[in-house]
There are 2 protein chains.
Amino acid sequence: MLDAAAERLVAQGYTATTLREIAADIGIKAGSIYHHFESKEDLFIEVFSRGIEVMVDAFGDVDTAMNGCDRESDRLEAHVRAHLGALFEHGSFTAAHVTAFFTAPEELRSAIVPLRDDYEHRWNALLADVLPELDSARLPIARLFLFGAMNTTIEWFDLSGDLSLDGLANLITVQFLEGVDALNLQRSTR
Amino acid sequence: MLDAAAERLVAQGYTATTLREIAADIGIKAGSIYHHFESKEDLFIEVFSRGIEVMVDAFGDVDTAMNGCDRESDRLEAHVRAHLGALFEHGSFTAAHVTAFFTAPEELRSAIVPLRDDYEHRWNALLADVLPELDSARLPIARLFLFGAMNTTIEWFDLSGDLSLDGLANLITVQFLEGVDALNLQRSTR
DNA sequence: GCACCTACCTAACGTTTGTTAGGTTTGCGA
DNA sequence: TCGCAAACCTAACAAACGTTAGGTAGGTGC
């Protein structure tokens, strides 16, 4: 049911997604939803929260797996890969979060913002490690550029196309670190 | 009235924006909208179209103004600045387009897609000029990265903050061309 | 002064929305 | 086998939605 809600969110946004649709998707009636959630807002708070949970979990997994890694660029690429994985490989929760968060009413958003802030903090800390020479005032901006490039992939990237998620993660990382010219040389440093 | 519609679009998305709200914003009643447009869909087709128009016009202006420019990176930066200008300085049409386009029903979107394609083609051509050594298969991807970085600025950039639009355009261009490390050296090549 | 057009309003329509009260089914534990 | 709670349904509610038919005020041209 949360899955169905997330998929509808991706396709239609918050207001256009009705409880009757979600109920029909899983073969129940709209009123039955209220046995599990107090309101539409409550249901989608859960969906958006899971969207962040998936991201945070993926981030944490990479952090432990890459513990003894000495090449900082590899660490970054692994985290980029994890973020893309959360977007494309772990259900629609993260995708729903990224695409539909701003279509939700403000009361709902403000309940989610603390979770978002936590995730953003982790990325800031990561980027501070990977890029120690970067002016700390520029760091959040660099992160926002990276997030922009990663998150808009849901609008165009096709999992079944020629480019794999690994390849996409590598492209984004190289482009982010070294600029567009380095795109032709991708994977040459491995 | 189109302005009011665009502002509501940015704040609430397509479905959550009601004709009664738009009418109230400009001091008329909802029914009166139908004297100017045949339907809600018709009204927002006009709004989305203008959003692209603003971008295309800004692009064209830079093209003529930068005609004799020999430094390709300056040309690119001027176009980035123009795109950001369309987002932040020419009403809410472009901002509405970028944020709310995917919240609109599909029939409406398909009426707008040709205009979008035209704008994307211009950028592809520009990038092919600026980056002749870039693999042509990578070119659309590079453009999508750049678009992602530019368009997500509406979610965080503050016109009244320390960073100016010129500065932001420079940051994005440098970051795009040379990578994140070059951010510390911005404007040093001028 | 008359006709006419544009811009708006009033008042309702049918539909859909989130939501609720009360009843029914299902399955598990004692 | 009984009881009970979780899961679901039915049927409706008030509110809000896009939309429409018919009417009104104000200005323009003749």
Side-chain angles (χ1 to χ4, degrees), chain A residues 1-51 91-93 96-97 99-112, chain B residues 1-51 91-93 96-97 99-112:
Chain A
M1 161 165 165
L2 289 168
D3 281 300
E7 272 171 40
R8 288 283 180 181
L9 260 189
V10 174
Q12 309 171 170
Y14 181 85
T15 321
T17 299
T18 71
L19 297 182
R20 283 173 173 84
E21 280 176 344
I22 297 172
D25 286 345
I26 59 173
I28 66 172
K29 300 293 175 180
S32 309
I33 293 179
Y34 285 81
H35 188 259
H36 305 273
F37 296 94
E38 287 188 358
S39 66
K40 177 180 182 180
E41 204 173 298
D42 232 54
L43 164 63
F44 284 105
I45 283 182
E46 182 64 29
V47 172
F48 283 127
S49 296
R50 296 215 181 182
S92 301
F93 292 108
H97 183 105
T99 61
F101 182 70
F102 282 95
T103 71
E106 214 186 70
E107 325 151 47
L108 194 160
R109 287 207 300 264
S110 61
I112 301 289
Chain B
M1 161 164 166
L2 290 168
D3 281 299
E7 272 171 39
R8 288 282 178 182
L9 260 188
V10 174
Q12 309 172 168
Y14 182 84
T15 322
T17 299
T18 71
L19 297 181
R20 284 174 173 83
E21 281 175 343
I22 297 173
D25 286 344
I26 59 173
I28 67 172
K29 300 292 175 180
S32 308
I33 293 179
Y34 286 80
H35 187 259
H36 304 274
F37 296 94
E38 286 188 358
S39 67
K40 178 181 182 181
E41 207 173 295
D42 231 55
L43 164 62
F44 284 106
I45 284 182
E46 182 65 28
V47 172
F48 283 127
S49 296
R50 294 215 182 183
S92 300
F93 292 108
H97 184 108
T99 62
F101 183 69
F102 283 94
T103 72
E106 216 186 68
E107 326 152 46
L108 193 160
R109 287 208 299 265
S110 60
I112 301 289

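Just so it is clear: chains get the letters A, B, ... in the order the sequence lines come, proteins before strands, and each one is counted from 1.
- Here the straight-line distance linking atom OG of B:Ser92 with atom CZ of B:Arg50 works out to 13.0 Å at 0.5 Å rounding.
- Note: B:Leu2 CG to B:Ile26 CD1 = 9.0 Å, rounded to the nearest 0.5 Å.
- Rounded to an integer number of Å, the gap from B:Ile33 CD1 to D:dG18 C1' is 10 Å.
- Residues passing the side-chain contact (heavy atoms from CB on, under 4.5 Å) test with B:Glu41, sequence neighbours excluded: B:Tyr14, B:Ser39, B:Glu107, B:Leu108.
- Candidate nucleotides D:dA7, C:dA7, D:dC9 were compared by shortest atom distance to the side chain of B:His35, and C:dA7 ranks first.
- Atom P of nucleotide D:dT19 and atom CD1 of B:Ile22 are separated by 11 Å, given to the nearest angstrom.
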Heavy-atom protein contacts under 4.0 Å, nucleotides 14-27 of chain C, coded B base, S sugar-phosphate only, - none: ---BBBB-------

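- Going from atom CD1 of A:Ile28 over to atom C1' of D:dA6 covers 13 Å, rounded to whole Å.
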From CA spacing to verdict: side chain to side chain contact (heavy atoms under 4.5 Å, CB included), A:Leu43, A:Met1: CA-CA 10 Å; A:Leu43 164 63; A:Met1 161 165 165; 4.1 Å; yes

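- If you take CD1 of A:Ile26 and C1' of D:dC8, they are 11 Å apart, rounded to a whole angstrom.
- Put simply, OG1 on B:Thr103 and CZ on A:Phe102 are 13.5 Å apart, with the number rounded to the nearest 0.5 Å.
- Rounded to a whole Å, the CE atom of A:Met1 is 12 Å from the C1' atom of D:dC8.
- Atom NZ of B:Lys29 is separated from atom P of D:dT24 by 18 Å (rounded to the nearest Å).
- Ring geometry for A:His97 versus A:Phe101: interplanar angle under 30°, hence parallel rather than tilted (30 to 60°).
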